[in-house]
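A quick write-up on the structure given underneath.
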Amino acid sequence: MPEALLELDAITKRFGDLVANEGISLQVAPGEVLAMLGENGAGKSTLMKVIYGLLRPDSGRLVMDGQELDIGSPRDAMRAGIGMVTQEFSLVETMTVAENVALSAVGWGRVDARATQTRVLAAMERIGVHIEPARLVSSLSIGERQRVEIIKALFHDCRVLILDEPTAVLTPQDIRALFTTVERLRAEGLGVLFVSHKLKEVAEISDRVVVLRRGKLVAERRTSQVGPEELASLMMGVAQAPLVDTEAAAALGMPRTRPTTNAVHRSSGPPVLEVAGLVVPREGRDVVDGMDLTVHRGEILGIAGISGNGQTELVEALCGTRSPRAGSLRVDGVDITTADVADRLGAGLGRLTEDRRGSCVAQLSVEQNLVLEDLDDYTRRGSLDRRAVRTHALAMIEQFEIRAEPTTPVGTLSGGNIQKVLLARALHRRPRILLAAQPTRGLDIGTYRYVHQRLEELRDEGAGVLLVSEDLDELRTLADRIVVVLRGQIVGELPASEATNERLGALMTGQDAA
């Protein structure tokens, strides 16, 4: 391997008694894509924050070009030539592309707008794209916004670029454009640290792979010399990867040895969710515009669409946290259009919203969060029956494989375990229809599979599931039907068995109609 561009030497980071990173050493060479894998809670995010100056390590060194770095902030990291792009973009929508880029470098004094635009255009040329510097960020697609984030990094003479779950919200076309950009940067000698849960993408784009487990670096392999089964087993710490026969295998790029079930489960049962003529406003405009859809008993209906095309507002209207301007909503024949949240839950609606941490109270314990929607059932003579709450929590922790104690504050859990808490809370009520919005975003392989199994079980028991996801592989392997939304309207519907990522991507971008 060429001499290292960036080197991590025995990095250790603790949070109290928790050791998030323990003695991690790795190198990124010029012109190399190094992929990093690991389950939720393995320490990947902490390590990225250390590299980018959001956290200081307790011990160990960061070295660039043989010189030890003292990085105490992202500005220090950018000065050292380290850039980072996360799946949650940090752009100001009311500002232009050039202004957003300049904002990341602004200090004391006046900003030279002409010089800034020249540098922005030079950065665009490096990655082979052109976005008008004067365009407002609010007018950009998700893929274009990600490219602006990369431009911001290159604006600072970036030599090592961290991409943290970069494909989580992209269409297949945008993923292809991203990989083309990465190849151009690699050819220029840039080092790339690529963090992802998707083994298929790791196999395509990376040169080497490192695996973290419980804060330690447990494996390092040449990508060309390792298969997805071995990588999965290294991530999960098992002798053999347990995913080969699951629906999740396809989405992770692993071989599947049994047919999908979605063709078998296409349902003709009675409607359990009916949405008619739904109009939902946001900031003075209708972001859901006359939508009609029906979910049947024993069916998973998938909704595909680029982020920002009304999916979030649709789910909020169904959950009762946003009021529609027109239209009607029915759950199992009961009109819930104007019902409050409690009445919707009572009608048989379950919810798994995309804002995972916003759906729980971080300071409260696991057992308290598990009963938040059912407090009346655990109240005796005006007081909470703590023994019943504890008994219920122990049962849910065992049944849903939650890695926590009943008294553990939910805010300290990994994203995967928070999702299991929310899943347990929703499914314990035995909903007739479950709204599942981005249910596996950012989850590791094991939790990804677990959530899929639970959704399939719910469907097999005769309930309906409305699955909103930006992961097209997830929709194709889990849903029975898929509808595509664009600018708040349904522009296509396909049986999942006939859908391809390319066809869905074309519908999502308005290039096709079905």
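All of these numbers come straight from a predicted model, not from anything done at the bench. The basis for the numbers below is simple: all heavy atoms, side chains too, and nothing from hydrogens, waters or symmetry mates.
- Under the 4.5 Å side-chain criterion, counting only non-hydrogen atoms from C-beta, Leu26 is in contact with Leu47.
- The main-chain N or O of Val275 is never found under 3.5 Å from a side-chain atom of Arg330 such that the two would form a donor-acceptor pair.
- Side chains of Arg459 and Asp480 form a contact here, defined as non-hydrogen atoms less than 4.5 Å apart.
- In terms of heavy-atom proximity, Val280 sits nearest to Ala317 at CG2-CB, 3.8 Å.
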Can you list, pair by pair, the side-chain donor-acceptor contacts under 3.5 Å of residues 420-428, counting residues two or more places apart and other chains?
from	atom 1	to	atom 2	distance (Å)
Lys420	NZ	Glu401	O	3.1
Arg425	NH1	Asn369	O	3.1
Arg425	NH2	Ser359	O	2.7

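- Each salt bridge (charged side-chain N to carboxylate O under 4.0 Å, His left out) pair with one or both residues in residues 361-370, not counting sequence neighbours, appears once here: Glu367-Arg390.
- Classified by interplanar angle (parallel below 30°, tilted 30° to 60°, perpendicular above 60°), the ring pair Tyr378/His392 is tilted.
- Between Gln438 and Val468, some side-chain heavy-atom pair lies under the 4.5 Å cut-off.
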Q | Test salt bridge (charged side-chain N to carboxylate O under 4.0 Å, His left out) applied to Arg145 and Glu93, step by step | A | CA-CA 10 Å; Arg145 295 184 192 202; Glu93 292 198 353; 2.8 Å; yes

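- Asp374 places no side-chain N or O within donor-acceptor distance of the main-chain N or O of Val371, the cut-off being under 3.5 Å.
- Not a single donor-acceptor pair under 3.5 Å links the side chain of Glu204 to the backbone N or O of Glu201.
- Here the side chains of Thr312 and Glu354 are in contact, with some heavy-atom distance below 4.5 Å.
- Atom NZ of Lys13 has more than 12 heavy atoms from other residues, nucleotides or ligands within 6.0 Å.
- A donor-acceptor contact shorter than 3.5 Å is absent between the side chain of Arg14 and the backbone of Ala20.
- Separating the CD atom in Glu7 from the CG atom in Leu69 is a distance of 10.5 Å, to the nearest 0.5 Å.
- Between Val182 and Ile205 there is a side-chain heavy-atom pair separated by less than 4.5 Å.
- A donor-acceptor pair is defined here as one N or O able to donate and one able to accept, closer than 3.5 Å; no such pair exists between the side chain of Thr379 and the backbone of Leu384.
- The distance from the CG atom of Asn21 to the CG atom of Asp58 is 9.5 Å, given to the nearest 0.5 Å.
- A donor-acceptor pair under 3.5 Å is absent between the side-chain atoms of Ser196 and the main chain of Val202, judged by distance alone.
- With hydrogens and angles ignored, the 3.5 Å screen pairs a side-chain donor or acceptor of Asp76 with a backbone N or O of Gly72.
- Summarising the geometry of Val19 relative to Glu22, their closest heavy-atom pair is CG1-CB, 3.7 Å, with the distance given to 0.1 Å.
- Minimum heavy-atom separation, Met396 to Ile402: O-CD1, 4.0 Å.
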Q: Decide side-chain contact (heavy atoms from CB on, under 4.5 Å) for Val484 and Leu504; before the verdict, give the C-alpha distance in whole Å, the side-chain angles of both, and the deciding distance to 0.1 Å.
A: CA-CA 7 Å; Val484 179; Leu504 292 171; 3.8 Å; yes

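- A donor-acceptor contact shorter than 3.5 Å is absent between the side chain of Ser206 and the backbone of Ala203.
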Q. Where do Ile82 and Met78 land on the side-chain contact (heavy atoms from CB on, under 4.5 Å) test, with the steps shown first?
A. CA-CA 5 Å; Ile82 300 171; Met78 289 186 285; over 6 Å; no

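- With a 4.5 Å cut-off on side-chain heavy atoms, Leu178 and Ile150 count as touching.
- Between Arg481 and His296, the closest side-chain pair of non-hydrogen atoms falls below 4.5 Å.
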Q: Kindly determine whether Arg476 and Asp473 satisfy side-chain contact (heavy atoms from CB on, under 4.5 Å), including the steps that lead there.
A: CA-CA 5 Å; Arg476 290 175 53 224; Asp473 290 319; 3.5 Å; yes

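- In plain terms, the two heavy atoms of Val137 and Val92 that are nearest each other are CB-O, 3.7 Å.
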Q.
Show, in sequence, the C-alpha distance, side-chain angles and deciding distance for Thr440 and Tyr450, and conclude whether the side-chain contact (heavy atoms from CB on, under 4.5 Å) test is met.
A. CA-CA 10 Å; Thr440 61; Tyr450 182 85; over 6 Å; no

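- Nearest heavy atoms, Pro431 versus Ala463: O-CB, 3.5 Å.
- The nearest pair of heavy atoms linking Cys319 to Leu349 is CA-CD2, 4.2 Å.
- Interatomic distance, CD of Gln27 versus OG of Ser25, reported as 7.0 Å (0.5 Å rounding).
- Partner of Leu212 under the side chain to side chain contact (heavy atoms under 4.5 Å, CB included) criterion, out of Ile24, Val218, Leu234: Ile24 alone.
- Inter-residue side-chain proximity for Glu405 and Ser365 is flagged as unmet; no heavy-atom pair is nearer than 4.5 Å.
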Q: Dump the intermediate steps for salt bridge (charged side-chain N to carboxylate O under 4.0 Å, His left out) on Glu220 and Arg208, then the final yes or no.
A: CA-CA 7 Å; Glu220 181 178 341; Arg208 287 188 301 126; 2.4 Å; yes

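- Residue Arg387 places its CZ atom among 12 or fewer non-hydrogen atoms of other residues, nucleotides or ligands, all under 6.0 Å distant.
- There is no side-chain donor-acceptor pair under 3.5 Å between Glu316 and Thr321.
- Of the possible donor and acceptor atoms, one in the side chain of Thr12 sits under 3.5 Å from a partner among the backbone N and O of Gly23.
- When each of Leu193, Leu6, Val195 is tested with Leu34 by the rule side chain to side chain contact (heavy atoms under 4.5 Å, CB included), just one qualifies, namely Leu193.
- Note that CG of Leu55 and CD1 of Ile71 are 12.0 Å apart. Values are rounded to the nearest 0.5 Å.
- Between the CG atom of Leu62 and the CD1 atom of Ile51 there is a distance of 6.5 Å, given to the nearest 0.5 Å.
- The existence of a salt bridge linking Arg221 and Glu230 is confirmed by a sub-4.0 Å separation between a basic side-chain nitrogen and an acidic carboxylate oxygen.
- To the nearest 0.5 Å, atoms CG (Leu466) and CD1 (Ile300) are separated by 10.5 Å.
- Between the side chain of Thr412 and the main chain of Thr408, no donor-acceptor pair closer than 3.5 Å is present.
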